[in-house]
Structure formats: C-alpha cells, structure tokens
14 protein chains.
Amino acid sequence: MDSMTIIGMTSIIVAGFTISIGSIAPALGEGKAVSQALASMAQQPDESNTISRTLFVGLAMIESTAIYCFVVTMILLFANPFWNLVAG
Amino acid sequence: MDSMTIIGMTSIIVAGFTISIGSIAPALGEGKAVSQALASMAQQPDESNTISRTLFVGLAMIESTAIYCFVVTMILLFANPFWNLVAG
Amino acid sequence: MDSMTIIGMTSIIVAGFTISIGSIAPALGEGKAVSQALASMAQQPDESNTISRTLFVGLAMIESTAIYCFVVTMILLFANPFWNLVAG
Amino acid sequence: MDSMTIIGMTSIIVAGFTISIGSIAPALGEGKAVSQALASMAQQPDESNTISRTLFVGLAMIESTAIYCFVVTMILLFANPFWNLVAG
Amino acid sequence: MDSMTIIGMTSIIVAGFTISIGSIAPALGEGKAVSQALASMAQQPDESNTISRTLFVGLAMIESTAIYCFVVTMILLFANPFWNLVAG
Amino acid sequence: MDSMTIIGMTSIIVAGFTISIGSIAPALGEGKAVSQALASMAQQPDESNTISRTLFVGLAMIESTAIYCFVVTMILLFANPFWNLVAG
Amino acid sequence: MDSMTIIGMTSIIVAGFTISIGSIAPALGEGKAVSQALASMAQQPDESNTISRTLFVGLAMIESTAIYCFVVTMILLFANPFWNLVAG
Amino acid sequence: MDSMTIIGMTSIIVAGFTISIGSIAPALGEGKAVSQALASMAQQPDESNTISRTLFVGLAMIESTAIYCFVVTMILLFANPFWNLVAG
Amino acid sequence: MDSMTIIGMTSIIVAGFTISIGSIAPALGEGKAVSQALASMAQQPDESNTISRTLFVGLAMIESTAIYCFVVTMILLFANPFWNLVAG
Amino acid sequence: MDSMTIIGMTSIIVAGFTISIGSIAPALGEGKAVSQALASMAQQPDESNTISRTLFVGLAMIESTAIYCFVVTMILLFANPFWNLVAG
Amino acid sequence: MDSMTIIGMTSIIVAGFTISIGSIAPALGEGKAVSQALASMAQQPDESNTISRTLFVGLAMIESTAIYCFVVTMILLFANPFWNLVAG
Amino acid sequence: MDSMTIIGMTSIIVAGFTISIGSIAPALGEGKAVSQALASMAQQPDESNTISRTLFVGLAMIESTAIYCFVVTMILLFANPFWNLVAG
Amino acid sequence: MDSMTIIGMTSIIVAGFTISIGSIAPALGEGKAVSQALASMAQQPDESNTISRTLFVGLAMIESTAIYCFVVTMILLFANPFWNLVAG
Amino acid sequence: MDSMTIIGMTSIIVAGFTISIGSIAPALGEGKAVSQALASMAQQPDESNTISRTLFVGLAMIESTAIYCFVVTMILLFANPFWNLVAG
C-alpha cells in the first residue's frame, strides 16, 4: 500500500468512527433533557416559557459536542491537511 | 489488493458501521422523550399542545445526530472524495 | 482473493452487521414508548386518542432510524456502487 | 480457499449473526410491552380492549425490526446476489 | 483445509452460536412477562382470564423470535444450501 | 490437522458453548418468574392455584429455549450430520 | 500436535468452560428465588407450606439447566464420542 | 511442545478458570439469600426457625453449583482421564 | 511505510478518537445538569435566576473538559509538533 | 521453552488469576450480608443475637468459595501434580 | 521504523488517549455535583450562598484530576523528555 | 528468552495483576459495609456498640480475601518456588 | 528497536495510562461526596460547618489515590530508574 | 531484546497497571462511605462524633487496599528482586 492509500483509508475509518461515536452521548443527553422538560411542563404549566428557554440553551450546549465531532469529520473528509500534503 | 479495492472495502465497512452505531443513541433518546411525553399528557391533558410542540422540537434536535451519520454514510457510498481520486 | 471476492465478502458482512445492530435501539425505544403509552392509557382513559396519535408519530420517528439501516443494507446487497464498478 | 468457499462461509456466518443479534432487542422490547399491558389491565380492567388494540399495533411495530433481520438472513441463505454471481 | 471442511466447520459454529445467543432475549422477555402476569393476577384476581389470554398471545409473539433462530439453526444443520452445493 | 479432527474439535467447542450460554437466560428468567410467584402468593394466598398453574405454563415456555439449546448440543455430540459424512 | 492431543485439549477446555459458565445463572436465579421466599415467609407466615413447596419446584426447575451443563461436562470428560473414535 | 506438556498446561489453566469463575455466582447468590434472611428475621422474629431452615436448604442448593465446579477442578488436577492416557 | 505516513496516519486516528471519546462524558454530564435545572425550575419557579446562573457556570465547567479534547485534536491536526519535525 | 518452564509459567499465571478473580464475589457477597446485618440490628436491636449467629453461618458459607480458590492456588504453587511429574 | 518515529507515534497516541479518557470521569462527576447543587437550591433557596461556595470548591477539586491529565498530555506533546533525548 | 527471564517476567505480571484485581472487591464491599454502619448508627444511636463490633468482625472477614491476594503476591515476589528452582 | 527506545516507549504509554485510568475513580468518588454534601446542607443548614469539615477530610482521602497515580506518572516520566540505567 | 530490557519493560507496565487499577475501588468505596457519613450527620447531628470516628476507621480500612497496591508498585520500581538479580 502506498502512502496515499493508507492516509485515505485511515481518514475514511476515522471519519465514520468520529461521527458515529460522537453522536451517541449528545443524543442520549438531549433525550434526557427533552424528557425532563416535558415532565416539568406537565408539573408546572405556568413556567413553560422559562423552561423552553432554558431547554433550548441547554440543547445548544449539548449539541455543541456533536458539532465538534461533525466538524472534525468534515475536516477529515474534505480538508484533510495530511491528505493534501501526501496527494498534493 | 490494489488501492481501489482497499478504499472500496473500507468505505463499505465504515458506511455500515456509521449508520448502525449512529442510530443507536437517537432511537433510545427519542424513545425516552416520546415515552415521557405520553406520561406528561396523561398527567396534564390540558397542556397537550405545548407538550406536543416541545416534543417535536426535541425529536428534531435528537434526530439531527442521526442525520449527521446518515449524511456521512451517503457521502462515503456515493460521493466519496478518496474513491473519486483513486478510481478517477 | 481477487477484488470481486473481497468486495462481495465485505458487503455481505456489513449488510448483516448494519441491519442487526441497527435494529437493536429502535426495538428497545419502541418497546419503551409502547409500554408507556399503555400505562398512560390505563391512567387517563379519556385521553386515549391523543395518546395514540402521539404514540404513532413517535413510533414513526423512532422507526426511521431502523429504516435508514435497512436502506443502507439493501443498497449494499442490491445496488452496491463499488460492486458494480468492480464486477461491471 | 477459492471465491465460492469464501462467499459461502461468509454468508453462513453473517446469516446466523444477523438473526441471532437481531432478535435480541425485539424480544426484550416485546417483553417490556406485554408486561406493561398486563399491569395496565390489572389496573384499569375496563380499558382492556383499547389496551389490547394498542398492544398489538405496538408489537407489530417492534416485530418489524425482527422481520427485517429475518428477511436479510433468508436473502443471504437462499437468494444471495453475490453467491449467484460467483457460483453461477 | 478443503472447502467441504470449511463449510462444515462454519455451519457447526454458526448453528450453535445462533441458537444460544438467539435464546437469551426471548427467555428474559418471557420471564419478565410471566412475572408481571403473576403480579397482575395477585392484584386483580377477577381479571385472570383476560390476563392469561393476553399473556399467551404475548408469549407466542416473543417466542417467535426464538423460533426464527431455531429455524435458521436447523436449516444450517440439515438443509444447508451451501453444503449441498459443495458436497453434492 | 485433518478434516476429522477439525470437525470433531469444532463440535466439542460448539456443544459446550451452546449449552452453557443457552442456559444463562432461562435460569435467570425462571428465577424471576418463581420469585414473583412467591411474592404473589404471599400477597394473595387465595389465588395460589391460579398462580401455580400460570407459573408452570410460563416455566415450561421459558424452559423451551433451554431445551432448544440442549437438543442442538445433543445433535452436535451424537448425531452430527457433518461428522457422519466426514468420518463415514 | 496430533489428533489425540488436540481432541483431549479441546475437551478439557470445553468441560471447564461449560460447567463454570453454566453454573452462573442457576446460582443467581436460585439466590433470587430463595431470597424472595424468605421475604414472603416473613410477610405471610401462615402460607409457609405453600411457599416452600412452590420454592422447591422452582429450584428444581432452575437447577435443571445446571444439570444439563454438568451432564455435558461429564460426557466430554468420560464418554466423549470423538475421543473414543480418535483414541480407539 | 509435546503432548504431555500441552495436556498438563491446559489442565492447569482450566482448573483455575473453572473454580474461580464458578465461585462467582454462588457467592453472590448466597450473599443475596443471607442478606434477605437477616432482613426477614428483623421483620418477623417469631419465624426465625422457619426462615433459618429454608435459608439452609437454599444455601445448600446454591452451594451445589459451586461443588460441581470444585469437583470438575479436582478431577482435572488429580484424576484427569486424558492425562492418564497421555502420561501413562 | 515511511515516517511521514506513520505520523500522519497516527495523528488522524488519535484526533478522531480524542474528540469522539472526549465528547461523551461532557454531553452526558450536561444533559444531567440541564435536566435537573428544568426540574428545579418547575419545583421552585421563584429561584429561576439563581438556578440559571449556577447552571451556566456549571455547564461552562463541564464543557471545559470537552474543550481540552477539542484543543488537543486541533493541535494534532494543524499544529502537530512531531509532524512538523518529520515533514519539515 | 522447555516443558518445565511452560508448566511453571502457567502455574504462576493461573495461581494469581484464581485467587484474584475468586475473591471478587465472596468479598462483594460478604459486604452485602454484613451491610444488611447492620441494618437489621438497627431496626430490631432485640434480635441482635439471632442476627449475629445467622450472619456468621452465612459468612462462613460464602467464605467457603473463597477457600476453594485459595486451596487450588496453594495446590498449584506448592503441590502441583503436573510440575512434580515434569520436574521430578 | 527508527526510534524517532516510534517515540513520536507513541507520544501522539498516548496524548490523545490520556486527555480523552481522563476527561470522562471529571465531566460525569461535575455533572452530578452541579445537578445536585441545583436540586439543593430549589429545596433550600436561603442557603444558596453556602451551596454555591461548597459547589465551587468541590468542582475545583474534581477538575484537578482533569488538570493532571491535561498536564501530562501537554508534557507529552511539547516537553517530552524521551523525545528530546532521542531527537536531540 | 531464557527460562529465568520468562519466569521472572511472568511473576512480575501476575503479582501486579493479583493485588490490583484482588483489592477491587474488598474495597467495594468494605465501603458498602462502612456506609451502612454509618446509616445504622444515625438511625439507632443507642446500638452503636453492637453495630461497631459487628462492623469490625465483618470488615476483618472481608479484608481476609484481600489478604489472600496480598499473600500470594508476596509469595510470587519473594518466595517464588518456581523461580527458586529455575534460578537456583 | 534498541533497549532505549523500548523503555522510553513503554514509559510514555504507562505514564498516560496510569494517570488517565487512575483519575476516573477519584473524580467519580469526589463527585458523589460533593453531591451528597450539598444535599445534606440543604437538609440541615445548621450543620454546614461539620459537613464542610468532614467533606474536606474525605475529599483529601479520596484525592490521595489520584495523587499516588500522579506520583507514579511523574516518576516514570522524570525519574525513571530503568531509563536512567539503560540510557545512563 | 535482552533479559534486562524485558524485565525493565515488564516492571514499568505492571507498576502503572497496579496502582491505576488498584486505586479505582478504594476511591469509589471511600466516596460511598464519606457520602453516607455526610447524610448521617445531616440526619442525626448529635452523633457526629461517633460517626466521624467510625468513618475514619472505615476509611483507613478501605485505604489499606490502596496501600497494598502502592507498596507493590514501589517494590517493582525501586526494590525489584528480579531486576536486581538480572541487572546485578
């Protein structure tokens, strides 16, 4: 295997691994947060505005870790610094 | 094995791995959210509109991580940048 | 092993892996949602229509991740882009 | 090992793996749903019709993921596209 | 190792694996369902007929996934399509 | 290693694996069912007949998956179709 | 390694594996059943006869899966059909 | 390595594995049973005789699976049928 | 493989591993914190300001561990000291 | 490696493995039993004699599985039948 | 591979491993602490000052273990004593 | 590698493994026992003498399994019967 | 690979492993302790001094195991007795 | 690799493994004990002296298993009997 194939193969593997593993925890964390938000709304309907606002801020915060992984995946697939050097 | 076979084989493996692992957490998270929504509705039927709306926003947010994985899978199968270069 | 055998073998393995792993979480998530729906109906029989409707929307949402995996499996078995190229 | 043996061996392994792993989650999910249905009936006997109907719809939905796996297993054993090509 | 030995060995391994792994979840799911049925009967003795009927339908549904695995095991041992071709 | 040794060795390994793994879940499921039956009897002594009957039906159902595994084990040890062919 | 050594070595390994793994679940299941029986007796002393009888039937049922494993272990050590053929 | 060394080495490994793995579940199950017995005695001191008797029968039943493993271990170390044949 | 390829391949693998594993715990921890914040707001609406402030400080603290991992990932991809030396 | 070294090395490994793995479950089981005994004493101080006696019998029973492992370890280190034969 | 490449590759792998694994527990621990702090504030608003102060001391204590890992990561990447010696 | 090195290396590995794995369960079990003792004291201060005494007996019993492992570790490091023979 | 490279590589790997694994449990344990301290303060504000003091002593005790690991890591990186001998 | 390097490498690996694995359980156990001590103090402030004393005795007992591991680590690094012999 030449360098280009190795780097390409590695990039594909790591891209898939990163986004699939990296999306486990955010999905679970968001499921937990959404689920509690629904429970809180049922318990205290008058506060649904405050709860919604806090929920969305929290979801954005949790989603950020999924975004990190998605960014790294995209960098590996389309702007891979090592690939550019090897295949340039 | 020549480069083309290696890249092809790797892409197939990673595509399947990505979508299968990447769909675990969203399915669990959505199951949790839907389940709590049903519990909340039974507890506070008058708020079913607010609960539905929040549930759908939350499901979309959780589903987004599955979409990331599906997008990466599709890129690997049909728009693989490394494959195009090797097999071009 | 020639390229055709490798790609074929890999496709078979990944197809089975994808659908089997990919159907774990939806089945569990749906079990949880259905189970809670039944509990909610027993608790609030008057809301069984709203609960049913929300349950079916939720099940469809959860099932979608299983559908993604099934689609990828079918693509790998019957419309494999790499196989077509290698065996064409 | 020639191509035919490899493809055959792989198909057997994946067929068994797919159906055995793929039947874990549906069985657990259905066990959970059935179990909750029984609890709901004991709690609200008057709603046993609605509960039964929802239970059967839910079981069918959960069973569908087991069916996907069974279909893929049968395809691999009796209508394997790669085997047909290699052994044709 | 010749083709016949490989296919035979693989079939034995997969047959045992399929039935042993495939019987884990049904046994657990049925244990859960039976256990809840007994609890429901103790709680609502007057409904024991409805509970029994629902229990048996549910057990049949759960057992079906064990049956799938048993069928695949028997196919692999006594009606193996690949073995027939190789050893024919 | 000749074919006979390989098939023999594989059969021994799979026989032990099948019965040992296959007896885990039934034992746990039966333990759960028996345990709940005892709890139900203590709670509702007047229904001990119905409870016993349902318990025994349930135990038979759960035991059936252990029986499947035991049957496959015995087939592998004493009526192995592949062994007969190889050693015949 | 000659055939006799291989079959002997395999038999020893599988014998130990079968009995050790196969005794995990029965011990846990029996522990659960006994433990619940003691709790039930403390709660409903007048039913201790019915509870004892059900407990012993249940323990026998659970112990049966351990017996299966013990039988297979003894067969492998002292009445191994493959060993007899190879060493005969 | 000659046959004698292989069989000896295997016997040592399996002996240690069998007794160590095989003693996990009995110890946990007995811990659970003893623990519940103590709780029951504190709750219903007048029944301590019945509880003690049931506890000891249960412990003997659970201990039996540990005894199976100990017997197999001793057989492997001091009455190993394969060793006798090989080293005889 | 020459040094440049090895260092490049290693950097890609570790970059993906670091950000994907490193984002698991923060996402779960934040999900837990957000979820509890929503529950607290529903329970004590008058304190929603104090709760929000403490939540944001806590989220920043938890996010910091994800940031550490993201920083290390970026260093490995774009400012790798070993790569610079090897490829310089 | 000669036979003596192999048997010696194996014995050391298995001795350490046996005692370390074999002491996990007894320690946990005893911790559970002691912990429950303390809870029972706090709940029913007048029965502390009966509780102590039952506790000590139970601990001895649980400890027995640790003793089995310790005995096997000592046999392997100081009275190893295979070692004696090989090194004799 | 020469020494320099080996040491470099190892340092990259260990750096990523250390920070990613090392940030799991602090994030979970902090999530737990923050979550409890919010619950305590909702329960006892008058003590929010004492709670905040204790929370921050605790977070600093927990964060310290993440800092240890970050320090080791930075040492490995930028002040590696072995690299300096080998590459010096 | 000569015999002496092999036995030495094995002894070191097993010594560390034994004491580290062997100290897991005692620490957890003692933590559980101490924790319950503190809870019991808070609940029934008048019995703190009986509780202390039982706690210390229990701790000694649990500690004994850690002692077994420590003894084996020390034997392996400083009184290794196999090392003495090989290096003698 | 010469001795120096091997010892260096091993030291790097073990240093990272030690501090990352060794910081898991202290962080979790401290998170638990801090979390309970906050709950206790909310429940019994008047005892916040005693609680704080006990908390800090406990945290120091738990932190000590992280310190052990950090010390070993530093010894391996900067005062490695084996490295000094090999590289001296 | 010569004997000295092997023994040195093994000692480093085992030293790190021993202290890192060996510090998991004590930290968790101490966290549990401290946490319960704080809860007990909040519940029964008048007994804080007895609780403290018992806590410290318990912590010392739990810490002892961490000390065992630390001692073995130090022996391996600075007073290794095998190293002394090999390198002497």
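All chains are named by letter (A, B, ...) in the order of the sequence lines, taking the proteins before the strands, and each is independently numbered beginning at 1. Please read these numbers as outputs of a predicted model, since none were measured by experiment.
Interface remark: Pro81(G) contributes side-chain atoms only to the contact with chain F (heavy atom separation under 4.5 Å). Ala39(G) does not touch chain F: none of its heavy atoms, backbone or side chain, sits under 4.5 Å away. With a threshold of 4.5 angstrom between heavy atoms, Glu63(F) approaches chain G through side-chain atoms but not through N, CA, C or O. Neither the backbone nor the side chain of Ile24(G) has a heavy atom closer than 4.5 Å to any heavy atom of chain F. Interface residue Asn80(G): only side-chain heavy atoms are found under 4.5 Å from chain F. For Glu47(G), the part sitting under 4.5 Å from any heavy atom of chain F is the side chain, from C-beta outward, and nothing else. For chain G, no part of Ile7(F) is nearby; none of its heavy atoms comes within less than 4.5 Å. Interface remark: Ile75(G) contributes side-chain atoms only to the contact with chain F (heavy atom separation under 4.5 Å).
Residues Gln44(G) and Pro45(F) have side chains in contact (heavy-atom distance under 4.5 Å, counting atoms from C-beta outward). No side-chain heavy atom of Met9(F) sits under 4.5 Å from any side-chain heavy atom of Ile12(F). Here the side chains of Met74(F) and Val71(F) are not in contact, with every heavy-atom distance at 4.5 Å or above. Put simply, the side chain of Leu59(F) reaches to within 4.5 Å of the side chain of Val34(F), judged on heavy atoms. In this structure, Thr65(G) and Phe70(F) have side chains that are not in contact, with every pair of non-hydrogen atoms separated by 4.5 Å or more.
Thr18(F) places no side-chain N or O within donor-acceptor distance of the main-chain N or O of Thr73(F), the cut-off being under 3.5 Å.
When Ala66(F), Ser23(F), Gly29(F) are compared by the number of non-hydrogen pairs under 4.5 Å with chain G, Ser23(F) comes out ahead. Per-residue counts of heavy-atom pairs under 4.5 Å with chain G were compared for Gly22(F), Ala25(F), Gly8(F), Ala27(F); the largest is that of Ala27(F). Looking only at heavy-atom pairs under 4.5 Å with chain G, the residue among Gly31(F), Ser40(F), Ala42(F) that has the most is Ala42(F).
Taking Thr10(F) as the reference, nothing meets the side-chain hydrogen bond (donor to acceptor under 3.5 Å, both in side chains) condition, with sequence neighbours excluded. For Phe17(F), there are no ring-ring contact (aromatic ring centres under 6.0 Å, His included) partners, not counting sequence neighbours.
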